[in-house]
Amino acid sequence: MSRFLTDSKSLLVKYVPGEQPKRGEFIKLNTNESPFPLPKKAILGVADIAAEVNIYNDTGCTALTEAFAKYYDVGQENVIFSNGSDEVLAFCYLAFCNSKRDEFCGDKTIIYPEITYGFYRVFSQLFEVGAKEIPLKEDFSININDYIGANCTVLLANPNAPTGIALSCEEIEQIIIGNPNNIVIIDEAYAAFGATSVMQLTKKYKNLIVVGTFSKSRSMAGARLGYAVADAELIDDLNRIKFSFNPYNVNSMTQFLGRISIEDVDYYNDCITKIITEREKFTEKLNSLGFKTLPSKANFVFTKHPTISGEELYNRLREDKILVRRFDGTHIKDYLRISIGTASEMQLVVTSLEKIING
Ligand SMILES: *Cc1c(COP(=O)(O)O)cnc(C)c1O
């Protein structure tokens, strides 16, 4: 750390991304990527786009926006794209937190669960936004009453991470109605895997922002594409931030890949179906081996063995070249978060776990 770094930044605790080992070294089930590549048409077509990168990219993401608006049945003025969804979440912090509207919340101006996506805490620190972190219930679910009448910005991942547990559309609607003077942000990074998206509610509620990503369900983690859907005025606010920070945030290759991903509906649906099928099969297998697995609507499961510690399981799987994720923290230290890969990958995980458990 240099002596020039500002005092507040010197206290930042950085986000720790999951390990990205050399390709092929591990069965990689630690960062919830899709095991399936993009459709061939996307991969082959990107060279033509790369041939034109001497010219700046389209700041309005026009073709991508058209395809997205049509597929998801929202207005083109209701969408903004970003360099991964982490970026649009940052725009939300900059645009909507610490506003006058948050005055009833004292110095706490955003609320989210204590156990959730780790980046929320990092952003709260970076943008110096006071955060209320609310414990989950005993069963790791969210108590919606904690978020009704919050009087500050509400931020929830649905399904939540790393639990995989989803709220219903009706429960989220109660939270939106319960916070008429504040923004409610629903992060739907994993919604495609079985939760109900509340995207259509953005037409009804002017305080709702639905954030999503192409990283998990659309096989584009390395291309970086995220989005927010909301009332046009809110999108305008977010564009004010985007154009004050990095107007060219989504590069032309990524815009192209995103558009092809949306247009190839059959391929996308096929990938999602495979993941959901594998998740259900794998969950059943884990539970038959004695694991306690939370009910997941995501492309990962959060699971714990009654006697073998999370650390030991993690290390033993790693010896078998299987990489999963675990977290420190009193309530979750013995859980593993295992991304759902292909059928053959999950079979190898099962074989390895059987070996570990049966000594
Ligand atoms: C992975 C993830 C994101 C961010 O994904 P990007 O790759 O930045 O688009 C956002 N929210 C949650 C809950 C996630 O798990």
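Read the numbers this way: they start at 1 and go in the same order the structure lists the ligands and their atoms.
Among protein residues, Gly84, Ser85, Asp86, Tyr117, Asp187, Ala189, Tyr190, Thr213, Ser215, Lys216, Arg224 come within 4.0 Å of ligand 1, judged on heavy atoms.
Only one option out of Asp264, Asp270, Ile272 pairs with Tyr268 in a side chain to side chain contact (heavy atoms under 4.5 Å, CB included); it is Ile272. Just one of Phe302, Phe327, Tyr314 meets the side chain to side chain contact (heavy atoms under 4.5 Å, CB included) condition when paired with Leu336; it is Tyr314.
Looking only at atom types and distance, the side chain of Ser8 has a donor-acceptor partner in the side chain of Glu128 under 3.5 Å away.
Between Glu33 and Lys216, none of the side-chain N atoms (NZ, or NE/NH1/NH2) sits under 4.0 Å from a carboxylate O, so this pair counts as no salt bridge. A salt bridge does not link Glu319 with Lys355: every distance from a Lys NZ or Arg NE/NH1/NH2 to an Asp or Glu carboxylate oxygen is 4.0 Å or more.
By the 30° and 60° cut-offs, the orientation of the rings of Tyr120 relative to Tyr117 is perpendicular.
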